Amino acid sequence: MSYQNPVFIPGPTNMPEVVRKACDMPTIDHRSPAFARMFQPAVAGVRRVLKMEAGEVILLPSTGTGGWEAAISNTLSPGDTVLAARFGMFSHRWIDMCQRHGLNVQIIETPWGQGAPLDQIEAALRADRSGKIKAVLATHNETATGVRSDIAGIRKAMDAADHSAQLFVDGVSSIASMPFEFSHWGVDIAVAGSQKGFMLPAGLAILGVSPKALTAMETAKLPRTFFDFRDMLNSYAAGGYPYTPAVGLISGLAKAIELLEGEGLEAVYARHHRLAEGVRRAVLAWGMSPCAASPDLYSDTITAVVVPKGCNGTDLVKLAAEKYGVAFGVGLGEVAGKVFRIGHLGMLTDVMVLAGLATAEMCMADLGWPIKLGSGVAAAQEYYRGSTGQMAMAAE
Ligand SMILES: *Cc1c(COP(=O)(O)O)cnc(C)c1O
């Protein structure tokens, strides 16, 4: 790796200099008013990014995976049923975690490359006359395949079935990069992590918790200690934590939100869409296609590129790292070798993405893949040239 080059993995993402500096701070007493003064703006900022009208924000020293565990262990009891579609490595891992916690997971097996199947979710909920299903789990952006699911559509399906299950959403690779509407979509728990759209180092699980989930918390019986929301909320009320918080990351989080809001959340989402669209045009110009089965499923934060027959995506990722000092993502699980992944989220500009596309092309040519150097880059250039507004982020 070269520290000069941006990374194109779907997290951790590139860090803006001002965010790194905000993380680098002297020791403070986390039981002092000084901590409360930096903590509160971070919590308020997350609330705005999630578009939460009610409920609580919880910041845990953990990662997205810990956020999944906090979501289920605070709201469910052993033997409870949850409904989840499996269509990639991340939806799979959350399901696996539920099973290991003694939950009964009703799994809707879905081809990788597809998103959450709304009609099957609605049918499963309609069939559940006795209200056995306590939660619906949804992976908003499946990072293994680059597929975005329709969370508003899941809420609609739940309402159409008149079902009272909670809705838990993994937004680890979407929140702060793609539109997210916690309250409007009727989300009960949203899970994010610090190292993706928030452009921070790994180390924080960021959760939004609805009033309904807080009610479920009171009677949930799964064991939890480190992640117990009740301890967190009691300590929050006193301006602090039940244990030592990740002070530097919380300081960085407040700064990252300041940057995002400085650019404007809508502009951030539009930038991610533009960057992604340029990547997709490059992929098509290479004669390849995204793993996502149709345009309505395209993720604006990550593209999994299906490689030509006889080629191996992992070879490209290895070569890019060894020869050019650039990081792309490998294919995971069922699509290992069949795809390589281009992360295009966080602190990125058109120019940075063009460098990534050019590097991918050099690797393809080195490996003897059937592409023409410059073809994808030119397609992205044509697109970026014709779209506007790219300078807001670059000003930082
Ligand atoms: C990265 C990611 C996770 C896991 O987060 P960690 O911070 O690595 O624990 C979960 N879900 C999705 C969709 C992700 O992209």
Side-chain angles (χ1 to χ4, degrees), residues 7-15 46 50 58-73 82 84-98 100-101 110 112-116 136-151 154 167-180 187 189-208 226-227 246 249 252-253 256 272 276 291-292 297-304 327-335 339-346 348:
V7 295
F8 298 97
I9 45 178
T13 63
N14 303 291
M15 280 185 275
V46 169
L50 293 179
I58 307 255
L59 302 180
L60 298 164
S62 183
T63 70
T65 306
W68 286 341
E69 181 160 336
I72 61 173
S73 65
V82 300
R86 171 155 55 198
F87 45 78
M89 199 50 139
F90 292 90
S91 42
H92 163 70
R93 285 189 186 150
W94 203 3
I95 288 169
D96 174 59
M97 175 186 276
C98 289
R100 291 203 240 169
H101 274 74
T110 307
W112 288 38
Q114 296 286 348
V136 176
L137 269 46
T139 304
H140 186 201
N141 189 74
E142 176 50 81
T143 317
T145 55
V147 163
R148 180 181 50 86
S149 283
D150 177 5
I151 304 300
I154 294 179
L167 174 57
F168 297 164
V169 179
D170 172 351
V172 178
S173 62
S174 57
I175 288 169
S177 309
M178 283 154 53
F180 196 90
V187 175
I189 299 188
V191 178
S194 50
Q195 80 276 24
K196 299 194 182 174
F198 288 105
M199 308 175 287
L200 287 160
L204 286 181
I206 299 166
L207 293 101
F226 186 73
F227 289 142
L249 287 173
L253 178 59
H272 279 82
C291 181
L297 300 169
Y298 287 165
S299 160
D300 282 343
T301 58
I302 155 88
T303 300
F328 296 103
V330 293
L332 301 172
E334 233 176 71
V335 292
V339 306
F340 78 96
R341 296 179 300 151
I342 304 175
H344 34 77
L345 73 164
L348 281 178

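Note that the coordinates shown come from a computational prediction; the quantities given were computed from them, not determined experimentally. Remember, it's 1-based here, ligands and their atoms both numbered in the order they're listed.
In the vicinity of Thr63, heavy-atom distances shorter than 4.0 Å reach the ligand 1 atoms 6 (P), 7 (O), 9 (O). Close approach to Ser173 involves these atoms of ligand 1, each under 4.0 Å from a residue heavy atom: 13 (C), 15 (O).
Using modelled atom types, one side-chain atom of His272 and one backbone atom of Gly346 make a donor-acceptor pair closer than 3.5 Å. Between the Thr301 side chain and the Leu345 main chain, no donor and acceptor come within less than 3.5 Å of each other.
His344 and Thr303 are linked by a side-chain donor-acceptor pair at a separation below 3.5 angstrom, with hydrogens and angles left out of the test.
Lys196 NZ, 3.0 Å is the protein heavy atom nearest to atom 14 (C) of ligand 1. The single protein non-hydrogen atom nearest to atom 11 (N) of ligand 1 is Asp170 OD2, 2.6 Å, given as residue, atom name and distance. Remark: minimum distance from atom 15 (O) of ligand 1 to any protein heavy atom is reached at Thr143 OG1, 2.5 Å. At the top of the distance list for atom 8 (O) of ligand 1, counting protein heavy atoms only, stands Gln195 NE2, 3.7 Å. Of the protein's non-hydrogen atoms, the one nearest atom 4 (C) of ligand 1 is Thr65 OG1, 3.8 Å.
Using cut-offs of 30° and 60° on the angle between ring planes, the pair Phe328 and Phe340 is perpendicular.
Minimum interatomic distance between Ala190 and Ile175 (heavy atoms only, all atoms of both residues): CB-CD1, 4.2 Å.
Of all the heavy atoms of Asn141, the ones lying under 4.0 Å from any atom of ligand 1 belong exclusively to the backbone.
Distances between N or O atoms of Trp68 and those of ligand 1 include no value under 3.5 Å. Residue Val172 has no nitrogen or oxygen atom sitting less than 3.5 Å from a nitrogen or oxygen atom of ligand 1, judged on distance alone.
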Checking side-chain contact (heavy atoms from CB on, under 4.5 Å) for the pair Leu297/Gln114: CA distance, chi angles, key distance, verdict? CA-CA 7 Å; Leu297 300 169; Gln114 296 286 348; 3.8 Å; yes

From CA spacing to verdict: side-chain contact (heavy atoms from CB on, under 4.5 Å), Val82, Phe168: CA-CA 10 Å; Val82 300; Phe168 297 164; 6.0 Å; no

